[in-house]
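Inspection log for the structure reproduced underneath, given as structure tokens.
Order of appearance sets the numbers: ligands from 1, and atoms from 1 within every ligand. Note that these values count all heavy atoms, side chains included, but never hydrogens, waters or copies made by symmetry.
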Amino acid sequence: MTLKTGEAYRESLKALKLNVYANGEKIESIVDHPLIRPHVNAASMTYDLAHDPSCEDLVTVTSHLTGRKINRFTHIHQSTDDLLKKVRMLRMISQKTGTCYQRCVGFDALNAVYSVTYEMDQQLGTDYHQRLKHFLHDVQENDLMVAGSMTDPKGDRSLKPSQQADPDLYVHIVEKNDRGIVIRGAKAHMTGIVNSHEMLVMPTTALGEEDKSYAVSCAIPTDAPGVIHIFGRQTNDERKYGQIDQGNAKFGIVGGEALTVLENVFVPWERVFMCEEHEWAGVLVERFASYHRQNYGGCKGGVSDILIGATATIAEYNGTAKASHVKEKITEMVHLTETLFSGSIACSAQGSPTLSGAYLVDPLLANVVKQNVTRLIYEIARLAQDIAGGFIATLPSEKDLVHPEIGKYVQKYFKGVASVSTENRIRIARLIENMTGGTALVESMHGAGSPQAQRVMIMRQANLENKKRLAKILAGINPDQN
Ligand code: SF4
Ligand code: FE
């Protein structure tokens, strides 16, 4: 089977023996748990849409390994057209979920490890690329969801991994033997990990010789012995036990992140793609980051489409839709959204082949996109809250709305225009609250790396020397002189 349905994906998750804790409890079935179910629903969309003829061209593609039809989330980009279709696909799926569907992180990790292992083998004579291809074959043929696992907890940020008081604050190799390696540590902010089949571990930063035991990339089943997932809290978690108050009850807020502890996890050699080659850690981090930053104008573009729609709707429900300042603000929301999307399209169109043949986005433009997301999404959210009005912060709960004594007052006094039911006005207000609230905005800021990480890469990619040359030539200065 190369193309699972959403239902088959859910069934496959039930077969895993995951070690997941949430809210102080061990979770028996993640597929049925109220805190996790919305994230499973969102990820399921990446499977169901592969069977929808209207978006088949975006969500499915031909594998360069097998020539078979596969889900794009398991594909290695073979052209700039593949990079562009990825961005269009992300925007399209976000327009249906209004939130993160999590599967891009592993997609990006596979692409990054693919091209880097090829180059490692060329230089070092290793066989990592062949191993990765075997793993990829398995991922494509079984349509697996892979969690990209990069960010370490990092402890004292001023210290290198081996300088930390606790050596486990970065994932590291603690044993090597003839069968494989044993690793220990944890990966943080693990989007979609509790509903993924596999995790693809990568180093989190460039590493020197003294930190070579931290240079590790490998694939681990999410239910392997020693793997423990501690699910994160989100804004308004308790609301997940209800309906209307959630705003987006089916798909939830962002991706359902967890801290994943790796307590002496054994990894057989055939699943190891980097083992102490510290010189390659930085390249892998940058390549993965560029792919993941490419996404944000696509996925946040689609999420913003929903938010613009919700904002225009609440303006109608409030009776303010015709006010000129409201129209002006909605125009601005559209402008900002399309600015984000343009960046993702641009870095894809400017992509180029790596030595492995896999295509990589333009890293400078990809970092610019993500940097814009850390600002413009806040502005889009600010405009949505401005137009929606203060009542999105003071609304009573859905239990009050249906309460036998006081429900009639909630119905009466939360009414907007006469033609719209109070319940519908509350539903759209809750959607705006959900999409512009705490966890959702923080994800836009820090997902795919914090703003400063992009600024470092923007400066590294900027080629300032060449810009100085261009200016000197125009000013009549010999560019080779000071
Ligand atoms: Fe994909 Fe966006 Fe979620 Fe990242 S935040 S995994 S790019 S949907
Ligand atoms: Fe993300």
Salt bridge (charged side-chain N to carboxylate O under 4.0 Å, His left out) with K240: which residues, sequence neighbours excluded?
D237
Rounded to the nearest 0.5 angstrom, the CZ-CG distance for F73 and D108 is 9.5 Å
Numbering as shown, the atoms of ligand 1 that approach V105 to under 4.0 Å (heavy-atom distance)
6 (S)
Give the atoms of ligand 1, by number and element, whose distance to some non-hydrogen atom of K300 is under 4.0 Å.
2 (Fe), 5 (S)
With backbone taken as N, CA, C and O and side chain as the heavy atoms from C-beta onward, which portion of Y296 lies under 4.0 Å from ligand 1: side chain, backbone, both, or neither?
side chain
Should you measure from each heavy atom of C299, which atoms of ligand 1 turn up under 4.0 Å away?
2 (Fe), 5 (S), 7 (S), 8 (S)
CD-CZ distance between Q140 and F135, expressed to the nearest 0.5 angstrom:
11.0 Å
Verify the distance test for H292 against atom 1 (Fe) of ligand 1: any N/O/S atom under 2.8 Å, yes or no.
no
Look at E443 together with K300 and state whether they make a salt bridge at an N to O cut-off of under 4.0 Å.
yes
E443: numbered ligand 1 atoms lying under 4.0 Å from its heavy atoms:
5 (S)
Out of curiosity, R382 CZ to L336 CG, how far, rounded to the nearest 0.5 Å?
10.0 Å
Flag C100 as yes if one of its N/O/S atoms falls below 2.8 Å of atom 3 (Fe) of ligand 1, otherwise no.
yes
Partner residues of D156 under the salt bridge (charged side-chain N to carboxylate O under 4.0 Å, His left out) criterion, sequence neighbours left out:
none
